[in-house]
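Each chain gets a letter, A, B and so on, in the order its sequence line appears, and its residues count up from 1.
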2 protein chains.
Amino acid sequence: MPRVADHDARHGQITDAVQRLIVRHGLTSVTVARTAAEAGMSVGLVQHYFTAKDEMLLATFTRVNGRFTTRVDELVNRGETEGRTIAEMLRQALTELIPLDDARRAEFLVRRAFADQAAHNARLATVQRETLVGIRSRVAQAINNGTICGEVTQGGDAADQALRIVAFAEGLALHTHIDPDGTPKPAILAALDDQLGRVFTGTCRRAQLG
Amino acid sequence: MPRVADHDARHGQITDAVQRLIVRHGLTSVTVARTAAEAGMSVGLVQHYFTAKDEMLLATFTRVNGRFTTRVDELVNRGETEGRTIAEMLRQALTELIPLDDARRAEFLVRRAFADQAAHNARLATVQRETLVGIRSRVAQAINNGTICGEVTQGGDAADQALRIVAFAEGLALHTHIDPDGTPKPAILAALDDQLGRVFTGTCRRAQLG
DNA sequence: GCTATAACAGTACGGCCATATTGCTACCGG
DNA sequence: CCGGTAGCAATATGGCCGTACTGTTATAGC
């Protein structure tokens with residue numbers, strides 16, 4: 001067998017380069033040659049790891065979305081061990097969606113960049129949809145947990161409430177991005193808290209939840 | 001002087017063609033040649049009316065946004081003469097944002113298609129921002145009117161409430177588009193009504209408002 | 001230490017795209 | 001009725017892009 005390379009690491013280098021290019025100059029500006037240069041490798045090597053540009057972009061989108069949901073899950077796990085309320089964890093998680101700092105903004109830009117493409121590419125659309133319903137179902141689960149625990153006092157469809165909360169957060173994200181000056185950070189967070197406060201009206205009776 | 005042509009009509013033909021192409025295959029698929037074919041004219045003629053492709057795209061974006069706000073304004077005017085409540089008019093107006101039918105979906109796709117570009121093009125960003133704050137200030141005005149009239153009983157910053165309402169509507173639009181099956185039309189409209197109902201809690205004491 | 005093969009680089013190629021250029025045509029002003 | 005300019009078409013051009021192709025290097029297994 002010949003020399004081996006860390007495929008996952010290489011894929012990461014390439015998709016990270018794509019991400020940086022998108023953040024800097026938009027998805028349109030992403031070419032294989034530029035990506036190679038940004039990643040510090042040759043065009044041939046990029047081809048070696050991604051048979052086609054489409055694959056490269058799909059991998060980038062998948063990775064970014066995966067990183068996001070992973071981060072949210074870690075946040076929740078940490079919150080649970082630290083005994084936070086569900087509302088607090090949810091607030092933290094949803095804040096991840098909003099481009100309030102550079103890292104969040106970068107991720108937001110990438111998600112947005114693929115929005116147009118996803119409308120006409122089945123595989124991108126699938127990743128996008130699964131990410132979205134993943135977030136929504138996590139929030140719904142949190143609401144169900146909250147109902148059991150006592151933080152949520154009112155009844156009502158958890159999925160429906162989750163949709164409203166997530167939609168609201170993403171709407172705030174959009175406005176924050178398009179008109180940062182018109183939407184100061186505290187106002188955004190207050191709005192988010194307010195929305196969460198409509199559902200999480202009680203206090204937890206137990207220490208933990210599943 | 002030589003023969004004359006209706007410049008505005010030509011611009012409209014071209015930008016309409018661009019819009020159709022975006023809806024069908026995304027902004028990436030829009031080329032000058034394809035646009036000319038779609039509009040039923042020669043490449044040279046497109047060049048005659050738009051010195052560069054950028055101008056063509058900017059004009060398209062501007063037109064679509066303009067058409068949207070015009071439609072909303074007409075809706076409001078009609079609603080006023082017909083003596084609707086402010087909440088009803090607002091509900092109608094915000095529903096225009098959500099891709100619940102083909103026409104709305106087409107517009108939504110175009111707005112989304114330019115999202116990535118706008119992040120890296122000052123002129124597109126300006127159009128986008130102005131459209132957004134335009135909508136928001138209209139909603140804020142409606143809330144102020146509602147306060148005077150009696151439909152809005154609680155105090156609070158109208159701009160802030162407007163932000164929340166519009167953000168919510170756009171979030172619903174996003175979810176409707178990405179996951180249409182997971183968000184049935186009635187649930188979307190109910191959510192929108194619910195959100196509006198949080199602000200418009202009273203009934204109008206007067207017939208009309210400015 | 002040989003050898004097969006993965007890892008990697010460089011370049012060539014065919015295609016499409018935006019735009020420049022050129023030329024024809026129709027019609028308004030006089 | 002005629003000259004000139006705007007309207008319009010067709011083609012030429014130069015560049016970039018994705019990808020195929022060819023070649024080189026390094027190392028794991030024997």
Spacing between Ile14(B) atom CD1 and dA18(C) atom C1', to the nearest angstrom:
15 Å

Identify each atom pair where a protein N or O and an N or O of nucleotides 10-12 of chain C are less than 3.5 Å apart, giving names and distance.
none

Donor-acceptor pair, Glu96(B) side chain versus Val72(B) backbone, under 3.5 Å?
no

Give the rounded distance in Å between these two atoms: NE2 of His11(B) and P of dC8(D).
12 Å

Looking only at side-chain N and O atoms, does His48(A) come under 4.0 Å of OP1 or OP2 in dA7(C)?
yes

Expressed in angstrom and rounded to an integer, what is the separation of Lys53(B) atom NZ from dC16(C) atom P?
15 Å

Can you see if the side chain of Arg34(B) gets near the phosphate of dC16(C) - specifically, an N or O under 4.0 Å from OP1 or OP2?
no

Any sub-3.5 Å donor-acceptor pair from Thr69(B)'s side-chain atoms to Asn65(B)'s backbone N or O?
yes

So, Glu55(A) and Arg123(A), do they make that salt bridge, N to O below 4.0 Å?
yes

What's the shortest heavy-atom distance between Gly26(B) and His120(A), and which atoms?
N-CE1, 3.2 Å

Identify the two heavy atoms, one from Thr176(B) and one from Thr183(B), that lie closest to each other, and give their separation to 0.1 Å.
CA-OG1, 3.5 Å

In whole Å, what is the span from the CG atom of Asp6(B) to the C1' atom of dC28(C)?
17 Å

Rounded to whole angstrom units, what separation is found between the CZ atom of Arg10(A) and the P atom of dA9(C)?
8 Å

Do Arg111(B) and Phe68(B) form a cation-pi contact, if we require the NZ or CZ to be under 6.0 Å from the six-membered ring centre and within 45 degrees of the ring's axis?
yes

Calculate the interatomic distance between Met41(B) atom CE and dG7(D) atom C1'; express it in whole Å.
11 Å

Just the table, please: protein N/O against nucleotides 24-26 of chain D N/O, every pair under 3.5 Å.
unit_1, atom_1, unit_2, atom_2, d
dT25(D), O2, Arg3(A), NH2, 2.9

With no hydrogens and no angle check, is any side-chain donor or acceptor of Lys53(A) less than 3.5 Å from a backbone partner on Val30(A)?
yes

I'd like to know whether Arg10(A) forms a salt bridge (charged side-chain N to carboxylate O under 4.0 Å, His left out) with Asp6(A), so could you lay out the CA-CA distance, the side-chain angles of the two residues, the decisive distance to 0.1 Å, and finally the verdict.
CA-CA 6 Å; Arg10(A) 289 292 187 212; Asp6(A) 188 336; over 6 Å; no

Residue whose nearest DNA chain D nucleotide is more 5′ - Val30(A) or Tyr49(B):
Tyr49(B)

Given atom CG of Leu57(B) and atom P of dC17(C), what is their separation to the nearest angstrom?
14 Å

Hits for ring-ring contact (aromatic ring centres under 6.0 Å, His included) against Phe114(B), two or more places apart or cross-chain, chain-then-number order -> Phe61(B)

